[in-house]
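Okay, structure first, notes after.
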Amino acid sequence: MSDYNVVQGRSPVFYQNFDRKEDNQHQTHYCPGCGHGVVHKMLAEALHELDVQDRTILVSPVGCSVFAYYYFDTGNVQSSHGRAPAVATGLKRSNPEAIVISYQGDGDLAAIGTAEIIHAANRGEKITVIFVNNSIYGMTGGQMAPTTMVGQTSTTTPWGRRPNNDGFPIKMAELIATLEAPVYVERVALSDGKHILQARKAVKKALTLQRQGAGFTMVEILSPCPTILRMEPTVARRWVGETLAKEFPLGVFRDRKPEITPVEVPQKNVAELLGITDGEFTDEERDARREHAHPKTIKVSGFGGQGVLLLGQLIAEMGMREHMEVSWLPSYGPEMRSGSAHCHVTLSHQRIGSPLITNPDVLVAMNEPSLRKFGPHVKPGGVILYNDRHLPEDMHFEGVIVACVPANEIADQIGSPKVANVVMMGALLEATECLPLTTAQEVLRGMVKNRKLAEMNDKALEAGRIYLDSEVMVGAVAGPDGCGE
Ligand SMILES: Cc1ncc(C[n+]2csc(CCOP(=O)(O)OP(=O)(O)O)c2C)c(N)n1
Ligand code: SF4
């Protein structure tokens with residue numbers, strides 16, 4: 001056997017086997033002649049040459065580009081359609097040492113994800129975007145993409161793209177290059193060997209810049225999709241050079257050092273920024289204060305205008321004053337007033353992974369639809385506070401404490417229906433003892449300057465607390481009808 005040197009082989013950045021999920025093993029992922037495979041190869045080789053495999057995170061969204069995670073033995077995150085630059089932003093900001101790549105098709109990047117790419121580029125996120133422009137939606141069978149050329153047929157433009165109806169092709173490299181922040185933007189093509197080498201150089205350059213911490217880099221790669229274009233692979237490749245590259249000129253659109261002068265702002269935590277800390281605390285003092293506050297997940301829900309979002313904010317602010325980790329996540333429809341609204345509040349002793357709460361410890365239901373919607377999801381042993389004297393007749397909740405507090409009625413007696421949410425706050429503190437009453441008073445007083453309203457808030461807080469104590473929770477546990485057992 002003669003000696004030989006391997007000069008081209010499988011990049012070690014690729015997995016040994018490209019296994020597919022379950023029973024699809026017999027299928028290949030990319031069609032013969034597809035540009036994605038060529039781009040994968042140059043990307044893998046560049047990562048290997050730059051010695052960054054171990055710290056690379058590849059974000060693959062929806063489209064044929066999603067298959068990237070079957071090939072790259074790197075970190076892989078799959079994002080929803082168009083959102084890869086946003087996901088990459090989060091990954092890069094939380095792992096500045098990582099090499100983060102957003103690998104996207106043209107439908108993904110230039111249609112559903114237009115906002116994400118523009119804003120990631122505009123913020124100068126230090127990520128690399130590999131943009132595979134094959135002028136069509138590949139995976140879904142050939143609908144018009146933003147990059148489909150005038151006159152080009154697709155399943156949604158069978159007569160050819162007409163600018164008067166479908167607009168003009170969007171030239172993403174040029175568009176991104178108009179922004180201030182991007183560092184490097186180049187368009188290349190997979191039309192022949194020479195251009196493929198140029199594309200390889202561009203991909204490596206973008207990654208090199210990222211490794212140097214330079215800023216936002218993007219390589220747009222004109223690529224063949226022989227299956228959807230119904231062309232032989234060799235014809236499709238030629239078409240990329242002879243037709244696609246005419247519409248999308250190749251070249252470097254941006255290559256410069258960023259001219260971003262960082263604006264130094266003092267680093268403060270949220271409580272300091274809001275001015276709700278009363279002096280410097282030692283860690284011991286913080287821990288001691290936190291001891292009296294109890295972790296809880298709370299959902300507050302009702303009609304827009306009932307102050308449900310504000311009630312959630314107030315609880316979150318109280319938690320901050322007790323040096324807890326807090327989150328507040330509002331959710332409301334387009335018609336905020338009189339539509340329905342709810343918010344998720346977490347009070348925790350640890351950092352909070354997600355602000356979303358599916359099964360809360362506590363539900364404050366300010367109206368019946370909220371009770372029906374969220375009541376069944378309260379955790380066993382949790383608490384439901386319902387804004388009425390009784391539960392609707394057909395409703396029963398097993399294994400949770402239900403307290404009916406007619407907050408609207410009580411607020412009316414105090415003199416303003418607006419303070420019904422504060423009545424509920426008093427009831428909530430009494431029912432759960434999650435936060436000290438004095439902190440609630442502090443927060444409420446800080447919120448309103450009007451003396452009359454401040455007095456009403458104080459009364460409402462107290463009335464809610466007393467109602468729960470005397471009218472509802474005669475025993476430790478209220479009955480399902482809201483009365484004490
Ligand atoms: C939110 C959402 N909308 C639509 C789809 C359907 N969909 C899947 S892939 C795709 C187009 C992808 O085209 P492109 O980004 O050009 O990638 P290619 O397949 O050509 O590589 C669409 C519209 C989806 N999966 N999710
Ligand atoms: S449909 Fe097109 S983009 Fe998708 S794998 Fe096949 S050739 Fe590639």
Side-chain angles (χ1 to χ4, degrees), residues 18 20-21 24 26-43 58-72 76-88 101-118 120 129-149 152-157 161 166-167 169-173 175-176 187-191 196 199 218-240 243-244 247-248:
F18 304 142
R20 267 191 95 151
K21 284 182 199 148
N24 289 326
H26 61 288
Q27 293 178 3
T28 52
H29 312 143
Y30 294 119
C31 311
C34 174
H36 278 297
V38 182
V39 180
H40 278 22
K41 191 166 190 301
M42 61 181 68
L43 187 55
L58 190 61
V59 188
S60 39
V62 173
C64 291
S65 40
V66 74
F67 296 131
Y69 55 50
Y70 285 121
Y71 295 92
F72 286 86
N76 281 290
V77 175
Q78 202 265 315
S79 79
S80 46
H81 211 359
R83 312 295 174 253
V87 172
I101 301 162
S102 178
Y103 185 98
Q104 304 180 254
D106 45 3
D108 186 79
L109 179 140
I112 194 167
T114 326
E116 281 75 10
I117 188 65
I118 298 279
V129 177
I130 303 293
F131 170 35
V132 181
N133 175 358
N134 55 18
S135 84
I136 202 89
Y137 284 12
M139 181 173 262
T140 39
Q143 295 83 357
M144 188 193 89
T147 47
T148 300
M149 291 176 292
Q152 186 181 342
T153 53
S154 70
T155 57
T156 45
T157 57
R161 182 176 189 160
D166 314 315
I170 300 183
K171 300 191 166 80
M172 288 309 295
L175 204 149
I176 297 286
R187 183 183 291 121
V188 291
L190 305 182
S191 45
I196 289 174
M218 181 174 103
V219 183
E220 175 172 340
I221 305 178
L222 305 183
S223 173
C225 171
T227 302
I228 299 299
L229 297 174
R230 297 204 178 83
M231 293 177 189
E232 287 293 317
T234 46
V235 177
R237 206 163 98 152
R238 234 183 4 258
W239 175 86
V240 167
T243 308
L244 201 55
E247 177 71 35
F248 296 95

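In what follows, every heavy atom counts, from backbone to side chain, and hydrogens, waters and symmetry copies are set aside. Note that ligands are numbered from 1 as they come in the structure, with each ligand's atoms numbered from 1 the same way.
Counting heavy atoms closer than 4.0 Å to ligand 1, residue His81 contributes side-chain atoms (C-beta onward) but none from N, CA, C or O. Of the heavy atoms in Ile112, only side-chain atoms (C-beta onward) come closer than 4.0 Å to ligand 1.
Within the 2.8 Å limit, Cys225 places no N, O or S atom next to atom 8 (Fe) of ligand 2. Atom 6 (Fe) of ligand 2 has Cys31 among its coordinating residues (N/O/S atom, backbone or side chain, under 2.8 Å). None of the N, O or S atoms belonging to His36 lies under 2.8 Å away from atom 2 (Fe) of ligand 2.
Listed by number with element, the atoms of ligand 1 under 4.0 Å from a non-hydrogen atom of Ile136 are 16 (O), 20 (O). Close contacts of ligand 1 with Gly63, meaning ligand atoms under 4.0 Å from a residue heavy atom, involve 9 (S), 12 (C), 17 (O), 19 (O). The distance from ligand 2 to the heavy atoms of Tyr30 drops below 4.0 Å at these ligand atoms: 5 (S). Atoms of ligand 2 found under 4.0 Å from any heavy atom of Cys34 (numbered from 1 in listed order, with element): 3 (S), 5 (S), 7 (S), 8 (Fe). Residue-ligand proximity, Cys64 to ligand 2, at heavy-atom distances under 4.0 Å covers atoms 1 (S), 3 (S), 4 (Fe), 5 (S). Near Val62, with a cut-off below 4.0 Å to any heavy atom, the atoms of ligand 1 are 8 (C), 9 (S), 25 (N). When each atom of ligand 2 is checked for a heavy atom of Asn134 under 4.0 Å away, the hits are 3 (S). Each of the atoms 14 (P), 15 (O) of ligand 1 lies under 4.0 Å from some heavy atom of Asp108.
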Stepwise, does the side-chain contact (heavy atoms from CB on, under 4.5 Å) test hold for Leu222 with Leu190?
CA-CA 6 Å; Leu222 305 183; Leu190 305 182; over 6 Å; no

Stepwise side-chain contact (heavy atoms from CB on, under 4.5 Å) check, Ile117 with Gln104:
CA-CA 10 Å; Ile117 188 65; Gln104 304 180 254; 4.2 Å; yes

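At a threshold of 4.0 Å, the pair Glu247-Lys171 counts as salt-bridged, since one of the basic side-chain nitrogens sits closer than that to a carboxylate oxygen.
Side-chain contact between Asp106 and Asn134 is present, with heavy atoms from C-beta onward closer than 4.5 Å. Residues Leu244 and Met149 are in side-chain contact: their nearest non-hydrogen atoms beyond the backbone lie under 4.5 Å apart. Contact annotation: the side chain of Val87 never approaches that of Gln78 to less than 4.5 Å [non-hydrogen atoms, C-beta and beyond]. Between Thr157 and Asp166, the closest side-chain pair of non-hydrogen atoms falls below 4.5 Å. In this structure, Thr148 and Tyr137 have side chains that are not in contact, with every pair of non-hydrogen atoms separated by 4.5 Å or more. Side-chain contact check for Ile228 versus Cys225: some heavy-atom pair is nearer than 4.5 Å.
For atom 14 (P) of ligand 1, the nearest non-hydrogen atom of the protein is Gly107 N, 3.4 Å. Taking atom 21 (O) of ligand 1 as the reference point, the nearest protein heavy-atom neighbour is His36 NE2, 3.0 Å.
Below 3.5 Å of separation, one finds an N or O of Asp106 facing an N or O of ligand 1. At least one N or O atom of Gly138, backbone or side chain, sits closer than 3.5 Å to an N or O atom of ligand 1. On a distance-only criterion, Thr140 and ligand 1 share no N/O pair closer than 3.5 Å.
Residue Gln104 places every heavy atom at 4.0 Å or more from ligand 1.
By heavy-atom distance, the residue among Phe67, Tyr137, Tyr30 lying nearest atom 11 (C) of ligand 1 is Tyr137.
Ring pair Tyr71/Phe18: centre-to-centre distance below 6.0 Å. The six-membered or imidazole ring of Phe72 lies near that of His40, with a centre-to-centre distance under 6.0 Å.
Under the side chain to side chain contact (heavy atoms under 4.5 Å, CB included) rule, Ile136 has a single partner from Met144, Gln152, Gln143, which is Gln152.
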